[in-house]
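Just so you know, residue 1 is the first one in the sequence shown, and it goes up from there. Keep in mind that the numbers below use all heavy atoms, side chains included, and drop hydrogens, waters and symmetry copies. These numbers were taken from a predicted model, which means no experiment stands behind them.
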Amino acid sequence: MLKKLLNIFQKLSEIISNTSDYEAMLTKFVKVFAEGIDVDVCSIYLYDKKNDMLVLRASHGLNPESVDNVFMKPSEGLTGLCFTSEKMINIINPDRHPQFKYFVNTGEEKYRSYLGVPIIAGKEKLGVIAVQSLQPKKIRKPVADSVNTISSQLANVIVDATVISTLSSNILVRKSGTKAANPLGEMITIKGKAANIGIGIGKACIFDNENSFEGILHTQTDNREGDLKLLEKAIRITKSKTLTLEQKALNLISEADASIFCAHLLFLEDKYLINKIKEEITQNGHTAEYSIKLAFEEYRERFSAIEDSVFREKIMDLKDVMLRLLNVVRNLKSGTPTDENILELNSSRIILVVKEILPSDFIRLPVDDICGIVCEKGGVIDHVAVLAKALNIPAVRGVRNITKLVRNNDAIIVDGHSELVYIRPDNDVINNFKNILKSQRDEHEELNRDFTSCTKDGCRLTLKANIALISEISLLKKYGAEGIGLYRTEFLYMIRDHEPTEEDLINIFKKVFEKAGSCDITIRVLDIGGDKKVPYLNAGKEDNPALGNRGIRFLLSNRALFKTQLRAILRAGVNGNLKLLFPMVSNLHEIDRIYEILNDIETELQFQNYDYAEYYQVGIMVEVPSLLFETKPILEKVDFISLGTNDLVQYLFASDRTNESVYNKNLYLTPLFLKILKNLAGVTCEFKGKKISICGEMACDIYALPLLVGAGITDLSMAPRFIPRIRKIIKQLSYEECTGILDKCIELSSPDEVYKYVEEFYKKNRI
């Protein structure tokens, strides 16, 4: 099925890229997809927001005359149910369903099965893709999964088509009125895709990073040996410049984002790539400049042929490296300096407007002057998104023709929340956004006047932050976190093309301890497997990875890697308040093996005369249900336990959390799960000085909060931005009330009933 699906995707991609007519594209789309997955009908219904109607826009299998002539309210029919519920519907005998609605002349009465999948882009519902079959059998799961996958692809196409359609009509989503009109021209509003949320208001600055390859002509050298030596010198200089950029990036952002330049170094050390450039000089007599261009073009063709978009988009890294190498060659030939200068902008408080921006350009810009970014291009993992998030700059990408529609110094607003860019906004719009920003600042100040987290009757809670990047540590102070409750280390491995060394890890962990100061830091050791892959570690393919070699199992079976990470953590944390957290532990024997390895490492470090953290706490993640039956013997061995509610719920209820059709995010509100929490917290209280914490999604759910307080769980760890909201609600609760709420909710029969009970409590108490 996977091979067939890849073949379908390839055909659909060809349709999208080769068909300029939107209607024709949808017609071809449904035909290819229906034939590819072997179903009788494939139809696309799109939502007409203006008329509040779902409209049949394309179909293969239904009467062609019904296209654009079938309309239904979102409250009507199975398609309407799929649209409003935002859930997949897969049933047989659809005419027996109470929501079924028959449309005359469509010819659908003979089809005995129906599968509907919502088409959603971000939070916006766009329509439904429906599949039907003559056979009275549910559409097979592989086919249903394929439809689900293609719906997200289709969502992007629809959004893009809407943007194109808007552009073709001068992109005037709203014209400003005559009284408030900006004298520079009419206001234009364009839709893009959020690279980072937030609002930026400023003056446009068009940044034109010239594509130096375009100006390089077919040129021959009269001194092959000289060009070869010059190339080798340029490579050494470019490597040095790349290391400088990486160091600057590390000082500016985080280890994950700065790792972009690790990939750049790998290109400069790629023997095939460098030999290709040299061969063009020595064998074909091309200049170093033209040889670099030829090598880049060959690699670009190879990258574009790769099906995986993540790898395909590495071409931007190669382009960045090759352009830097090219500029060094040119500078050496002309005798000009090869220093990396800060790129100047025309003013402060600017919105950077670009076709595309390379990582090295980004690092050399005065980022303090940039309050927003708008980019014409943008892919799945483009560096605009990575770096904008790291630097907390609002950004929207995929905004077509933006560099043609805006002028330098135009007023411009970037709204990363709604994915809109306002060019030359009128005074009303500007004032509106200024008021929004002011209100956000006021709310933030109000929430952060008091960082204590106490209930009305004096029960003290500790709110900590979950982080994965060094750049996030600054958020601890901003949101009043009382430490790091979960530092995920897997990203240090996932962002690299090779395993980090002990020294690499020490440098990163030292920065974590330095920036976090005296607060507690809980570092979770490498947690990969399941849905988190690190290709170069060769974990192998598994039929059921969620139950396979993941978490502590993987580490214990890769002892050298495990020891390297633990040595780095202990050495870096010599003066810190360190808590070590081990994931996916399922039995007591694994805990014993962890202590054996820690003892071995401490002995090694002592022998090698290394300073290390001698006093630290050891904790485990409670994610596997088997631990629920051994709580007391576990607490006798470890210093604390941390509930990973996401995985614990998944395994407890056999509900794959990556499968939307079976996973309910509110399962942790199930009365049975609440009973487990209460028992765990009760047993933990029997062990003096030992604590239980929550670090999953449940920790920042306002409807779970009184239940956690009632269970006596007072350590919560969450994404930093949720802390002020949770703190505010804690101050309006009392421990006594919460114990009563928990006891009542345990007696209920479903998570929905629990949710409604807490919701009513909030309404009654105006919380």
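- Checking Asp701 against Tyr668 by side-chain atom types alone, a donor-acceptor pair falls below 3.5 Å.
- Annotation: side chain of Gln132 is not in contact with side chain of Leu115 (no heavy-atom distance under 4.5 Å).
- For the pair Asp527 and Arg488, the salt-bridge criterion is not met [side-chain N within less than 4.0 Å of a carboxylate O].
- Between Ser59 and Val41, the closest side-chain pair of non-hydrogen atoms falls below 4.5 Å.
- Taking the salt bridge (Lys or Arg N to Asp or Glu O under 4.0 Å) definition, one finds that Arg112 meets it with Asp95, sequence neighbours left out.
- Residues Cys695 and Met621 meet the side-chain proximity criterion, which asks for heavy atoms closer than 4.5 Å.
- The structure places CG of Asn558 at 14.0 Å from CZ of Arg553, a figure rounded to the nearest 0.5 Å.
- Here the side chains of Val143 and Val39 are in contact, with some heavy-atom distance below 4.5 Å.
- For the side chain to side chain donor-acceptor pair (under 3.5 Å) test, no residue two or more places apart in sequence or in another chain qualifies with Asn63.
- Looking at residues two or more places apart in sequence or on another chain, you find no ring-ring contact (aromatic ring centres under 6.0 Å, His included) involving Phe103.
- Summarising the geometry of Pro583 relative to Val525, their closest heavy-atom pair is CD-CG2, 3.5 Å, with the distance given to 0.1 Å.
- Residues Val622 and Leu627 share a closest heavy-atom pair of CA-CD1, 4.1 Å.
- Using modelled atom types, no side-chain atom of Asp415 and backbone atom of Ile199 make a donor-acceptor pair closer than 3.5 Å.
- Looking at Ser66 and Asn69, their side chains never bring a donor and an acceptor atom within 3.5 Å of each other.
- Panel note: side chain Thr489, backbone Leu526; a donor-acceptor pair is recorded below 3.5 Å.
- Listed here is the closest heavy atom pair of Ala144 and Met88: O-CE, 3.7 Å.
- The salt bridge (Lys or Arg N to Asp or Glu O under 4.0 Å) search around Lys73 returns Asp52, not counting sequence neighbours.
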Residues Leu628, Leu652; criterion side-chain contact (heavy atoms from CB on, under 4.5 Å); working and verdict: CA-CA 10 Å; Leu628 301 177; Leu652 195 63; 4.3 Å; yes
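- Arg397 places no side-chain N or O within 3.5 Å of a backbone atom of Ile373 that could act as its donor or acceptor partner.
- For residues 36-83, the set of pairs meeting the ring-ring contact (aromatic ring centres under 6.0 Å, His included) definition, not counting sequence neighbours, comprises Tyr47-Phe83.
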With side-chain contact (heavy atoms from CB on, under 4.5 Å) as the test, would you mind laying out the steps for Ile119 and Val128 before giving the verdict? CA-CA 5 Å; Ile119 304 168; Val128 172; 5.5 Å; no
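- With contacts defined as side-chain heavy-atom distances shorter than 4.5 Å, the pair Ile694/Leu677 qualifies.
- Atom OG of Ser151 and atom CG of Leu126 lie 10.0 Å apart (nearest 0.5 Å).
- In Glu759, the CD atom is crowded: over 12 heavy atoms of neighbouring residues, nucleotides or ligands sit closer than 6.0 Å.
- Contact record, Ser113 with Ile139: OG-CD1, 3.6 Å, taken as the closest heavy-atom pair.
- A salt bridge links Glu76 to Lys101: at least one charged side-chain nitrogen sits closer than 4.0 Å to a carboxylate oxygen.
- Residues Ile528 and Tyr493 form no side-chain contact, since every pair of their non-hydrogen atoms from C-beta on lies 4.5 Å or further apart.
- Put simply, CE on Met698 and CZ on Phe673 are 6.0 Å apart, with the number rounded to the nearest 0.5 Å.
- For the residue pair Glu109 / Tyr102, a side-chain donor-acceptor distance below 3.5 Å is found, with atom types taken as modelled.
- In this structure a side-chain-to-backbone donor-acceptor pair under 3.5 Å is missing from Thr670 to Leu672.
- Side-chain contact of Thr79 with Tyr114: a donor-acceptor pair under 3.5 Å is present, judged by distance alone.
- Judged by distance alone, the side chain of Ser626 and the main-chain N or O of Ser586 form a donor-acceptor pair under 3.5 Å.
- One distance of note links CD1 of Ile467 with OG of Ser717; it measures 9.5 Å at 0.5 Å rounding.
- Judged as a ring-ring contact (aromatic ring centres under 6.0 Å, His included), and not counting sequence neighbours, the contacts of Tyr762 are Tyr703.
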Would you check, one step at a time, whether the test side-chain contact (heavy atoms from CB on, under 4.5 Å) holds for Val374 with Val414? CA-CA 7 Å; Val374 188; Val414 177; 3.5 Å; yes
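- Here the OG1-NZ distance, from Thr84 to Lys125, works out to 6.0 Å after rounding to the nearest 0.5 Å.
- In this structure, the side chains of Leu62 and Val70 stay at 4.5 Å or more apart for every pair of heavy atoms.
- The main-chain N or O of Ser75 is found under 3.5 Å from a side-chain atom of Gln99 such that the two form a donor-acceptor pair.
- Residues Ile190 and Val399 share a closest heavy-atom pair of CG2-CG1, 3.7 Å.
- Classification of Glu376 and Arg400 as a salt-bridged pair fails, no side-chain N sitting under 4.0 Å from a carboxylate O.
- By the 4.5 Å heavy-atom criterion applied to side chains, His97 and Ile91 are counted as neighbours.
- Look at Glu490 and Arg524 and you find a salt bridge, because one of the NZ, NE, NH1 or NH2 atoms lies within 4.0 Å of a carboxylate O, short of that distance.
- Distance CD1/Ile726 to CG/Leu705: 5.0 Å, rounded to 0.5 Å.
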side-chain contact (heavy atoms from CB on, under 4.5 Å), that's the test. Do Cys42 and Ile129 meet it? Break it down for me. CA-CA 7 Å; Cys42 178; Ile129 181 167; 4.1 Å; yes
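- When every heavy atom of Leu669 is checked against every heavy atom of Leu707, the shortest pair comes out as CD2-CD1, 3.7 Å.
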